[in-house]
Amino acid sequence: MKTPPLGRTPVTPPRSRSFLIDAAVSLVLLAIFFAIIATGRYWLGRPLPETNISHSISALPLYAFYSCVRIAVAYLLSLVFAISYGYIAAYNKRLEPWMIAVLDILQSIPVLSFLPGVMLAMMALIPGHQMGIELGSILLIFTGQVWNMAFSFYSSLKAIPREMIEATRINRFSPWQRFWQLELPSSAIGLIWNSIMSVAGGWFALIACETFPLGARNFRLPGLGSYLQAAAFSDPIDGHALGWGVATLVLIIVASDQLVWRPLIAWSDKFKIEQVESSRTITSPILTLLQRPSRVLALPGRALDAVSERIYQRLSHSEQCRVVHAMDDETRRKNMLVPGLAGFFAALFVFWGVLHAWQLVQSTTWHDLRTLLTAAGATYLRVNASLLIAALWTIPVGVAIGSNQKLAPLLQPVTQLIASIPASAFFPPMMLVFATIGMGLGWGSILLMLMGTQWYILFNVIAGAMSIPSDLKEAAMVYKFTRWQRWTRLILPGIFPYLVTGMVTASGGAWNASILAEYGLLGNRTFQTIGLGSQITAALANNNFAALLLATVLMAAIVVTTNRLLWRRLYRLAETRYKLEG
Amino acid sequence: MSETVFPNQEQASAPLQAANVIIRAEKVEKFYQQPSQNRIQVISATDLAVVPGEILALLGPSGSGKSTMLRMLSGLSKPTAGQVYWHDKPIDQAEINVSIVFQSFALFPWLTVLENVEAPLQARGVPADERRARSLKMLDTVGLDGFEAAYPKELSGGMRQRVGFARALVVEPEVLFMDEPFSALDVLTAENLRSELLELWSKKTMPTKAVFLVTHNIEEAVLLADRIIVLGRNPGHIRTDFRVQLAHPRDRKSDPFTQLVDYIYKVLTRPDDPASEAPGQHTAPQVRDQRQMHYQMLPHARPGGIAGLLELLIDKGGRDDIYRLADDLAFEVDDLLPIVDAAQLLGYLTVEEGDAVITSAGEEFANSEILRQKELFHDAALQHVLLLRQIRRALESKSDHSVPEEFFLDMLDEQFSEEECLHQMETAVAWGRYAELFDFDAGRRRFVLPDWNDEEPVHTEEVH
């Protein structure tokens, strides 16, 4: 009966090695500690909305640090919010459709549209410290990061296999235990991938979140985004500073990819619910390093254990843990007081907002409206053009890479990395190039949009091509498919679900990019073209809140409608007809 | 009073000692609400009891609601009607102690084997040391000593199900539920696990008092169970319930074993026939077919039409194609079919490959003169039509020999729509009148026995 154990036997490294890891980790923790103190001091200082951005390179590390702090804090806030929102939406049948609809709409509103509301609110909340302005900027980044994570958590919750939920019910898990042992782990993979995308989105919007006009003032927060903008806006353009700034940005992205994301992705393999060993395992040397037994790294685990024991013992006496509650019991009246109150206040808030908004737009004329609609049409055409062009080249290239067994595992992470590098950092130099060669921004902005979004389609197509089962490919070979047949019968249908995902992400990214691609401040000049993105940015620059509101509503309406009419249908098609059953 | 109306019930065996029953389901039903406002009945009103000391197997084809039944009995699902009791307390208020072993193992892939087994103990607030000790001991019992730190992904299917068993048994449940636990395993592993389960059970290594097994594998049920309940579907209902009195270890090739398997096979493949008695029952069989009240749908045909069809068939030599018959009569086939169905119901013809073939009874009927036809119809109707039989019995047993129509409409209502109920009643009245089974007072809407004084004795059965 006893067979030799198949599990991994942990190898204890020699003492000296583990000491090195302990030392390294302690140093990192110390650095983080000091960083928190420094940031705290800065935040509690006097509010300084219009700092002078230095052009010297020596200021770069500090600026980079500030930007990283902002993005990190925004990310943590997004994580907490996304989990809470997704949890409530998944388990409350009555609120669910509303919450998802709201998510849909908010996801299609560009970051800049939130700017006035968020900034004014935060500055009013904390007037005496820099923290107010910082929080405003952080919340702005937050609005660009949180929606897709909320959606991912929500859909992971709904996708948990039924028998696992039944196992937790029959064993009377408390909601706390169910969250830590079932719900969070099963959503880990989705959350990690979406976090990567969110943080990338944060970097993309950084320039707009650190340097912006509001009211009578021009806000400039110390950070990498302001640095880049200042370098691009100076007359003549400070190419030296711009180059170093972009290099720093790329360095940070690469570092975070190797030190944070890659280990997380490798670790997330543990959370796969399908019980089949996956053929392509992403390795990360950092992860293997951290997984070696180390005294320092074990400390937090031990402390948590002691606390969690107490929690479990306390919880075991609660009613949830003593009686098995039926899963389909619809007669149990849930406590509707809190959701009811929340709904009431939300409705009140919405009513107040609509009233205000109505007052605001009273001043617009038909002429304005017509301009907006033309602008919307222009941007719409640009977005679609960029999607088409991107698809035209990424599909063949992606399929070629994905089908190549050796190239694929190498190039796929590289494309992911490139997708994370914010293209917005390159917009100023590119706009300059356009100006020099005489290409109008109307066409140039399509190229800019492409730069930002084509990588999403590429790496999704690579993933799709890698996942076409080999027996289908063999069948195509045996039956001597022509090239046309191979493409129309095997490849395109095979990559269809991945293609749709890539296109949706790229489409959203293109709309977001339009804000920065259609309007640029460069060398003391303003470049702009007819488009909804430029309408929004210009409206902000000119404090025309009415136009901002209208343009935002228009953009949100177009995106949500395209979502419902086009992308949802394609998703359904992908899930039914084009799903490759394992 | 109502007892005598219903057909004979098989004598139930010795009444279950109420104090001993662990889980009792009383008239539980399950409906699922469709988005189109239709309610689909998955399980019809069923009684079931889980008593200590036995392995109970629920056997049935797919769609018979066995998994739903398991979930209702374990408290995971709330019955739409009826109530489930745990030691005589409603199950949603009692602190029950049960476990489930799932078909797909339902292990958490991100926890080690040990952590998976410890999780239920964690939920019960057992301190860490005791938890670990108990889990390790249980893993040893199921034969997984040494695998504590492994992840489920690294284990084979059989080993994963062993972890499932360990997790289920570590809490020492009073009733162990198993939902097709061996279907996802290969034959040899499944066999291995079955015998280990029996060993754990017979040696009383587990303090479990009862085991409830859901399966679609007949041999598995006969191998393991002390009592087998066979479910039918549309909607789910109990077709037969009997004890297996073979001694362990059971030999698959032995005669009693194969006889039981054959019997169950027959029951499962003839869903419309009432189940006969199971072989090898030493005590009075507990054949409680809970579908006794099944009314067949009366085809809407008049006795005259039936007679006419049979006469026509004889003309054609006793056998003819139904479509040709319809043509000859200038009928639509749809109009002819109810008459064919009615004649078939009464045993006067059979349908073989699209042809209607007259039987000897049918020949006799067709060739008799009118009064004799009525007699024959009378016998055939009583024999084959439940509703008419019930009406007749009710009339006979009542002192005033009259029963209101409402009474039978109520019973038909459970099965048919309102409109159909009325239609069925119409046809039944027409047949009953023709056969002189009863009379129907259309004004007062009551059935009455025909007046005996001015009729020749038709049949010796009715006696005041």
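Residue numbers start from 1 in every chain, and the chains themselves are labelled A, B, ... in the order their sequence lines are given, proteins ahead of strands.
For A:Q177, the part lying under 4.5 angstrom from a heavy atom of chain B is the side chain only. B:A128 touches chain A through backbone and side chain together, each having a heavy atom under 4.5 Å away. Contact of A:S186 with chain B is made through backbone and side chain together, with heavy-atom distances under 4.5 Å. At a 4.5 Å heavy-atom cutoff, B:P173 makes no contact with chain A through either its backbone or its side chain. Both the backbone and the side chain of A:L182 come within contact range of chain B, with heavy atoms under 4.5 Å apart. In this structure, chain A has heavy atoms under 4.5 Å from both the backbone and the side chain of B:Q103. Contacts between A:E309 and chain B at a heavy-atom distance below 4.5 Å involve the side chain alone, from C-beta outward. Contacts between B:A168 and chain A at a heavy-atom distance below 4.5 Å are absent for every atom of the residue. The contact between A:I170 and chain B is made by backbone and side chain atoms together, counting heavy-atom distances below 4.5 Å. Heavy atoms of A:P185 lying under 4.5 Å from chain B belong to its backbone as well as its side chain.
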Q: Could you check B:E118 against B:R132 for salt bridge (charged side-chain N to carboxylate O under 4.0 Å, His left out), going step by step and ending with a plain yes or no?
A: CA-CA 7 Å; B:E118 280 184 354; B:R132 198 182 154 81; 5.1 Å; no

Q | Evaluation steps, salt bridge (charged side-chain N to carboxylate O under 4.0 Å, His left out), between A:D104 and A:R568 | A | CA-CA 12 Å; A:D104 230 346; A:R568 280 249 177 113; 2.9 Å; yes

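Taking the six-membered ring where tryptophan is involved, the planes of B:F182 and B:F165 are essentially parallel, since the angle between them stays under 30° and well short of 60°.
B:V28 and B:I43 get closest at one heavy-atom pair: O-CG2, 4.1 Å. Annotation for B:T208 and B:E174: closest pair CG2-O, 3.5 Å, computed over non-hydrogen atoms.
Using a 4.0 Å cut-off between charged nitrogen and carboxylate oxygen, B:R194 and B:E191 count as a salt-bridge pair.
With B:M178 as reference, B:V211 is the one residue of B:V211, B:T215, B:V214 to meet the side-chain contact (heavy atoms from CB on, under 4.5 Å) rule.
In terms of modelled atom types and a separation under 3.5 Å, the side chain of A:S152 and the main chain of A:N148 share no donor-acceptor contact.
Of the listed residues B:A94, B:P127, B:S74, B:S77, the one with more heavy-atom pairs under 4.5 angstrom with chain A than any other is B:S77.
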